[in-house]
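Structure first, then comments.
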Amino acid sequence: MPDNSTTSNTGRQAIDPRGPRFGAVLTTVVLALALLLISTPAGLVLVAWQTLVFGLGAIVGLQAQPYGIVFRRLVRPRLAPPRELEDSAPPRFAQAVGLVFLVVALVALLAGATLVATIAVAMALAAAFLNAAFNFCLGCEMYLLWARVRPAR
Amino acid sequence: MNGMTGLWVLVIVLVAATAFGLWYRRVNGRVRDAAAPSAPASGPMVPMAGPDDPPAEVQPEQPSAQTEALAVALAGRLGEKATLVQFSSAFCQPCRATRRILEEVSVMVPGISHVEIDAEENLELVRALDIRRTPTVLFLDRGGVVRKQASGQPRKADVIAALGDLLPEDRPDFEI
């Protein structure tokens, strides 16, 4: 068995699994506030901020994701070392799924379609909350179903 | 649209997600008996009504199409007494921990092999076996027939117990 620290064979990073979980908690709080304030300028700011967070995590990588940076700088030094590491690809994919919802919400808010924005934020909130509270990864669950129906490459 | 609407949506989302999460926590990774068609043909086959599969697909006499597809994919990697087949994918958080659990069990219990299959690279097989999530773990007996399966990360004790059911005569060989 290869050693499971550092990098996997595809060059992806191995990360502390508590990082994405911590990020999901912050995301849940931000999206809950955004939902409460959705028709105010503060709601727009929160949605725009979370879109930026997901965008950095999905496009640049988890090392650039603000909540991940908070975790590494402030939280992880106070914790015991993780029992095991995990591949960074699944949480990054989850960031991309979140980004899709948040882009829809942001565009809808800017276009004045508050109802559409509310639904999109509510769905992203449900996914983030399930991840934070139950370690349920919506993107991971959907991925194989999507791969099954997707035309062959 | 006012603040009250947002509050109601928030409450509904949290309640619904909590209900779903509790249900998920209960069923995720639970080892259950495999659906009908893998039973070996002994005598006239009574079409067992699996909840999902139409009885028309049951083929008496021969090993089922599923068993054959699996046998091709495993190609000689069948364990002496039983095989743990794990379907994994790249974007699967619990696959890593599942792999570790199954490897530990296969080292601990003699005659058990652990085979990991990349679901994305074996979509034909995934469709044939109707695998919907990763990780899914199939418990094969020595003949390569699927006896039990778990979708989601199973607990180590449940894996050992399921193997105990598969190999009743071997139970004293190992300890939890």
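If you're wondering where the values come from, they're calculated on a predicted model, not measured in any experiment. In what follows, every chain begins at residue 1, and chains take the letters A, B, ... in the order their sequences are listed.
- Side-chain heavy atoms closer than 4.5 Å link hydrophobic residues (I, L, V, M, F, W, Y) into clusters, and following such links, even through other members, never connects A:Ile69 to A:Leu62.
- Side-chain contact check for A:Leu36 versus B:Leu10: some heavy-atom pair is nearer than 4.5 Å.
- Counting heavy atoms from C-beta outward, A:Arg148 and B:Leu123 have side chains that approach closer than 4.5 Å.
- Taking 4.5 Å as the limit, some side-chain heavy atom of A:Phe129 sits within range of a side-chain heavy atom of B:Leu14.
- Note that the CG atom of A:Leu144 and the OG1 atom of B:Thr136 stand 7.5 Å from one another [nearest 0.5 Å].
- Note on B:Leu78 and B:Val72: separate hydrophobic clusters, where clusters join Ile, Leu, Val, Met, Phe, Trp and Tyr whose side-chain heavy atoms are under 4.5 Å apart, directly or indirectly.
- For a residue to count as touching a neighbouring chain, one of its non-hydrogen atoms must lie under 4.5 Å from one of that chain's; by this rule B:Ala97 touches chain A with backbone and side chain alike.
- Both the backbone and the side chain of B:Arg127 come within less than 4.5 Å of a heavy atom in chain A.
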Exercise for review: Evaluate the side chain to side chain contact (heavy atoms under 4.5 Å, CB included) criterion for residues A:Asp87 and B:Arg96: first the C-alpha distance (whole Å), next the side-chain angles of each, then the deciding distance (0.1 Å), finally the verdict.
Suggested key: CA-CA 8 Å; A:Asp87 197 333; B:Arg96 199 180 178 117; 4.0 Å; yes
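- For B:Ile131, the parts lying under 4.5 angstrom from a heavy atom of chain A are both the backbone and the side chain.
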Expected list for residues 89-105 of chain A: side-chain donor-acceptor pairs under 3.5 angstrom, two or more places apart:
| residue | atom | partner | partner atom | Å |
| --- | --- | --- | --- | --- |
| A:Arg92 | NE | A:Ala58 | O | 3.1 |
| A:Arg92 | NH2 | A:Ala58 | O | 3.3 |
| A:Arg92 | NH2 | A:Ile59 | O | 3.0 |
| A:Gln95 | OE1 | A:Gln65 | NE2 | 2.9 |

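- For chain B, the option among A:Ala122, A:Pro20, A:Pro17 with the highest count of heavy-atom pairs below 4.5 Å is A:Ala122.
- Proximity to chain A (any heavy atom under 4.5 Å) is shown, for B:Val126, by both the backbone and the side chain.
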Please output the side-chain donor-acceptor pairs of residues 130-142 of chain A that fall under 3.5 Å, not counting sequence neighbours, one pair per line with the distance.
| residue | atom | partner | partner atom | Å |
| --- | --- | --- | --- | --- |
| A:Glu141 | OE1 | B:Arg133 | NE | 2.6 |
| A:Glu141 | OE1 | B:Arg133 | NH2 | 3.4 |
| A:Glu141 | OE2 | B:Arg133 | NH2 | 3.0 |

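- Atom CG of residue A:Leu37 and atom CG of residue B:Leu7 lie 11.0 Å apart, to the nearest 0.5 angstrom.
- No more than 12 heavy atoms of other residues, nucleotides or ligands shown are found within 6.0 angstrom of CD on B:Glu124.
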